[in-house]
Amino acid sequence: MNYEQIIQLALERGFYFPSCEIYSDAPAGFWEYGPSGVSLKNKFMDLWRRELVRRDRMWEIDGSQIMSQSVFVASGHLSSFADPVITCQKCKSIFRADKLIAEITSLVVPESADLEQFDKVISEKDVKCPKCKGNFDNTKKFNMMFKVGIGPQSEAAYLRPETCQSIFVDFPRLYKTMRGRLPIGVAQIGKSFRNEISPRQSLLRLREFYQAEIEVFCNPNKLNEMDRFSEIENTEIRLMVDDDTIKQVTCKEALESGMLPNKLVAYYLALLVEFYRKTGIDVGKSRFRKLGDKEKAFYASVAFDFEVETTIGWLELVACNYRSDYDLKSHGTVSKEKFEVLDNDVKVLPHVFELSMGIDRSLYTILEHSFREDKENDRVVLSLKPYLAPIHVGILSLMKKDGLAEKTDEIFSKLKTRYDAFLDHSGAIGRRYRRLDEVGAPFAITVDHQTLQDDTVTIRMRDSMSQERIKISDIESHLADATAYP
RNA sequence: GCGGAGUUAGUCCAGCCCGGCAGGACGUCAGCUUCCCAAGCUGAAGGUCGCGGGUUCAAAUCCCGCACUCCGCACCA
């Protein structure tokens with residue numbers, strides 16, 4: 001299984017495909033989900049809700065994608081989510097100004113310096129294009145946020161570059177009205193937008209993408225007061241801290257050895273692994289990688305990336321950032337809103353631990369880890385968990401004639417509103433089974449002549465290709481059990 | 001954004017060098033056959049040849065520009 005095979009499957013079977021593909025001016029970095037992809041994505045999101053939002057009694061919100069300029073003044077994205085770049089006048093190569101200056105002159109001009117400072121150093125030290133020795137244009141800021149104009153006056157606003165800003169700005173109202181107590185998770189699924197310089201590899205680096213984010217608001221003085229920790233203390237996670245070796249340890253061990261800073265962080269990392277195990281991703285190929293200071297986002301004080309090994313390398317699926325009080329403090333300052341809350345009669349400004357999940361990348365990884373070439377039977381099988389499969393069950397007539405089709409239609413109409421069922425009468429039965437295998441349908445029910453005599457059907461299992469005969473009246477309970485979320 | 005390679009049916013690809021009717025395989029659809037794993041037979045649908053311009057009697061083919069995809073570099077708060 002490799003990237004090419006997955007994308008071919010995605011294109012052929014309606015998982016995902018390029019946006020606006022019939023037009024030649026379609027910009028890069030935008031992809032759409034087809035019917036199979038949407039069905040998989042919806043089920044993935046349901047599983048996320050069950051395993052994280054409900055399990056931990058979080059609050060889920062759904063915020064606007066366009067947010068006011070002040071939000072990003074406060075969040076730091078207007079100043080920090082931009083790179084100083086310089087363009088060579090001759091060969092048009094683009095460089096990060098701070099990085100090129102450091103490389104050539106060993107001078108450190110901070111990324112956040114005024115643009116004039118970069119220009120000054122460049123002219124004083126006579127910095128030339130390393131490729132063609134050409135001169136540079138003046139330094140510019142390239143901000144990765146999409147700016148939009150609101151109303152007839154085109155007032156500045158931005159498409160959110162991360163969904164979590166909605167959670168931060170909504171926090172005061174939520175905490176007042178929803179009767180919470182710390183620590184409390186606030187969750188959101190939605191789209192984010194980043195003007196990436198070079199989007200690549202379909203779902204893996206998009207300009208418009210889905211995030212499932214969780215912000216856990218906590219009392220920084222009580223990070224080790226976490227009763228729920230006992231639920232996960234024996235959950236094994238794979239950690240890469242300080243060096244390049246991955247150590248598989250229980251959360252309890254990770255905490256005791258100091259690999260993880262506190263119970264709260266350990267608890268949520270464990271929930272994440274338990275969630276991903278249920279998606280069918282091989283968590284034996286996963287790791288939490290602790291980020292060094294240079295790699296961390298500007299708001300993070302401690303950060304772990306949850307990464308999974310795929311055929312195109314380690315893929316970051318979730319960024320786990322301890323954002324401290326960075327966000328609430330700055331939103332408080334800019335908006336004058338009060339973000340302090342009472343925690344057992346003591347007023348605290350909550351800190352935030354964040355689990356920022358990339359949905360699109362997760363779906364790609366699920367597809368890749370589920371993809372199987374069964375050479376013996378000359379078929380491709382997507383061994384998705386039954387509860388994630390785009391189609392739960394194929395409903396097939398062995399042949400169209402002798403009333404088999406009518407009987408099949410009857411069964412289909414009983415199931416179609418409760419399950420993702422696919423009705424198919426035409427073509428060779430083996431071909432129909434194989435098509436279902438390719439979209440990961442775990443079951444196929446086939447109506448044959450015996451059905452007309454004794455009201456039984458065969459049910460075929462995708463992975464083993466074995467069949468058993470069950471009563472029509474038992475189909476529903478059978479499917480209910482077999483496709484239930486774990 | 002730079003360098004390289006590409007872009008032709010749903011998918012994979014041939015045709016391009018050397019300009020002259022738009023092709024193949026698989027897939028899809030319909031019919032026949034067949035009571036269980038991509039069989040067979042018959043037929044059909046499906047194309048702005050990435051987009052725009054130029055050269056030419058004639059462009060998928062030659063030239064120029066652009067977009068997109070992939071690989072490498074850079075970027076990835």
Side-chain angles (χ1 to χ4, degrees), chain A residues 3-5 7-14 17-31 34 72 75-83 85-88 90-96 99-100 103 111-112 129-132 142-145 161-162 192 194-202 204-207 291 294-300 303 305 312 316 319 321 356 358 374 376-380 396-402 404 425-438 444-453 457-460 462 465-467 469:
Chain A
Y3 178 80
E4 279 76 26
Q5 288 173 302
I7 194 147
Q8 188 174 332
L9 180 75
L11 293 169
E12 280 182 340
R13 295 288 176 219
F17 44 84
S19 178
C20 310
E21 59 178 337
I22 64 166
Y23 287 107
S24 65
D25 64 348
F30 299 89
W31 289 67
F72 302 109
S75 72
H77 283 85
L78 266 178
S79 50
S80 302
F81 198 55
D83 295 331
V85 294
I86 44 178
T87 309
C88 172
K90 202 165 138 196
C91 72
K92 304 294 175 197
S93 294
I94 291 189
F95 299 91
R96 276 277 296 266
K99 294 208 168 174
L100 190 67
E103 207 173 287
E111 200 187 313
S112 53
C129 172
K131 283 189 181 163
C132 73
F142 175 70
N143 195 296
M144 301 229 307
M145 283 194 294
E162 50 178 11
S192 290
R194 296 179 191 179
N195 199 358
E196 295 283 353
I197 294 171
S198 60
R200 282 284 164 88
Q201 292 173 314
S202 59
L204 305 186
R205 195 186 307 161
L206 294 160
R207 287 182 166 138
L291 300 189
K294 283 181 187 167
E295 282 186 291
K296 284 187 302 196
F298 59 86
Y299 44 69
D305 276 356
I312 48 178
E316 177 195 338
N321 297 307
S356 174
D374 179 0
E376 196 182 324
N377 295 299
D378 192 23
R379 62 178 190 151
V380 161
L396 317 177
S397 51
L398 190 56
M399 291 185 307
K400 265 187 240 183
K401 58 184 185 184
D402 303 337
L404 294 186
H425 292 305
S426 70
I429 190 76
R431 180 188 301 278
R432 283 180 274 163
Y433 285 147
R434 275 172 182 59
R435 267 195 300 245
L436 290 167
D437 291 341
E438 262 191 57
I445 283 170
T446 305
V447 169
D448 55 19
H449 281 94
Q450 193 179 329
T451 307
L452 303 179
Q453 290 158 19
V457 292
T458 61
I459 181 161
R460 170 193 184 265
R462 172 195 65 202
M465 296 171 73
S466 61
Q467 285 176 297
R469 189 161 277 279

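First the proteins, then the strands, lettered A, B, ... as listed; each starts at 1.
With both pairing distances under 3.5 Å, B:A9 is matched to nothing as a Watson-Crick or G-U wobble pair. Both distances falling under 3.5 Å, in either a Watson-Crick or a G-U wobble arrangement, place B:C29 opposite B:G43. Within the shown strands, B:C64 is the pairing partner of B:G52 under the Watson-Crick or G-U definition, both distances less than 3.5 Å. Applying the Watson-Crick and G-U wobble criteria (two distances, each under 3.5 Å), B:A14 pairs with nothing in any strand. Base-pair partner of B:G1: B:C73 (Watson-Crick or G-U wobble, both distances under 3.5 Å). Judged by Watson-Crick or G-U wobble contacts below 3.5 Å, the nucleotide B:C57 has B:G20 as its partner. Base-pair partner of B:C35: not found among the strands shown (Watson-Crick or G-U wobble, both distances under 3.5 Å).
For the OP1/OP2 pair of B:U28 and a distance below 4.0 Å, the side-chain nitrogens and oxygens of A:Arg431 include at least one atom meeting the criterion. For the pair A:Ser202 and B:U69, the criterion of a side-chain N or O lying under 4.0 Å from OP1 or OP2 is not met. Distances shorter than 4.0 Å separate some side-chain N or O of A:Tyr3 from OP1 or OP2 on B:C70. Phosphate proximity of B:G27 to A:Arg13: absent, as no side-chain N or O sits under 4.0 Å from OP1 or OP2. At least one side-chain nitrogen or oxygen of A:Gln201 sits closer than 4.0 Å to the OP1 or OP2 atom of B:C71. Dashed line: the shortest gap from a side-chain N or O of A:Lys400 to OP1 or OP2 of B:G31 is under 4.0 Å.
A straight line from CG of A:Leu11 to P of B:U28 spans 16 Å, rounded to a whole angstrom. Atom-to-atom, CZ of A:Arg207 to P of B:A67 comes out at 11 Å; the value is rounded to the nearest Å. Atom P of nucleotide B:G27 and atom CD of A:Glu12 are separated by 10 Å, given to the nearest angstrom. Atom CG in A:Leu9 sits about 16 Å away from atom P in B:G27, given to the nearest Å. When the C1' atom of B:C29 is taken as reference, atom NE2 of A:His425 falls 15 Å away, rounded to whole Å. Atom CG in A:Leu398 sits about 9 Å away from atom P in B:C37, given to the nearest Å. Whole-Å rounding puts the A:Arg462 CZ to B:C36 C1' distance at 19 Å. Spacing between atom CD1 of A:Ile459 and atom C1' of B:C37 amounts to 16 Å, rounded to whole angstrom units.
Comparing the P positions of B:U7 and B:A14 gives a spacing of 7 Å, expressed to the nearest Å. Comparing the C1' positions of B:U8 and B:C49 gives a spacing of 4 Å, expressed to the nearest Å. For the C1' atoms, the distance linking B:U48 with B:G3 amounts to 31 Å, nearest Å. Taking atom P on both B:G27 and B:A38, the two are 11 Å apart, rounded to the nearest angstrom. Remark: the separation of the C1' atoms in B:G50 and B:A60 is 12 Å, to the nearest Å. Going from the C1' atom of B:U56 to that of B:G1 covers 37 Å, rounded to whole Å. Using atom P as the reference point in both B:G6 and B:A44, the two lie 36 Å apart (nearest Å). Of the C1' atoms belonging to B:C16 and B:G23, the separation is 14 Å, rounded to the nearest Å.
Residue A:Glu4 is out of contact with every strand shown, counting any heavy-atom pair closer than 4.0 Å. Counting non-hydrogen atoms under 4.0 angstrom, A:Arg460 reaches a base of the nucleic acid. If you check every strand for non-hydrogen atoms under 4.0 Å, A:Gly34 touches nothing. Across all strands shown, A:Pro161 has heavy atoms under 4.0 Å from base atoms, whether or not it also approaches the sugar-phosphate. When heavy atoms are screened at a 4.0 angstrom cut-off, A:Leu396 is found touching no nucleic acid atom at all. Among the protein residues, A:Glu376 comes within range of no part of the nucleic acid, since none of its heavy atoms lies under 4.0 Å from any strand.
For the pair A:Asn143 (side chain) and A:Leu78 (backbone), a donor-acceptor distance under 3.5 Å is present.
Counting all heavy atoms, side chain and backbone alike, A:Pro199 lies closest to A:Arg205 at CB-O, 3.3 Å. Closest approach of A:Ala444 and A:Leu436 over heavy atoms only: CB-CD1, 4.0 Å. Closest approach of A:Thr458 and A:Asp448 over heavy atoms only: CG2-OD2, 4.1 Å.
A residue-by-residue look at A:Ser466 and A:Phe30 shows that A:Ser466 has its nearest nucleotide of RNA chain B further toward the 5' end. Comparing A:His77 and A:Arg435 against RNA chain B, the residue whose closest nucleotide sits nearer the 5' end is A:Arg435.
Closest to the side chain of A:Glu438, from the set B:A30, B:C37, B:A38, is B:A38. When distances are taken from the side chain of A:Arg434 to each of B:A38, B:C12, B:C36, the shortest belongs to B:A38. You'll find that the side chain of A:Thr446 is closest to B:C36, out of B:U34, B:C36, B:U69. The side chain of A:Met399 lies closest to B:U34, out of B:U34, B:U69, B:C37.
Residue A:Tyr433 holds its OH atom at 9.5 Å from CE of A:Met465, rounded to the nearest 0.5 Å. A distance of 12.0 Å separates CZ of A:Arg460 from CZ of A:Arg432, quoted to the nearest 0.5 Å. To the nearest 0.5 Å, the span separating CD1 on A:Ile312 from CG on A:Leu204 amounts to 4.5 Å.
A:Ser426 has its side chain within reach of A:Lys400: a pair of non-hydrogen atoms, C-beta onward, lies under 4.5 Å apart.
Under 3.5 Å, the side chain of A:Asp448 and the base of B:C36 form at least one donor-acceptor pair of N or O atoms. The base of B:C36 sits within donor-acceptor range of the side chain of A:Gln467, with an N or O pair under 3.5 Å.
Taking the charged nitrogens against the carboxylate oxygens, A:Asp437 and A:Arg462 have no contact shorter than 4.0 Å, which rules out a salt bridge.
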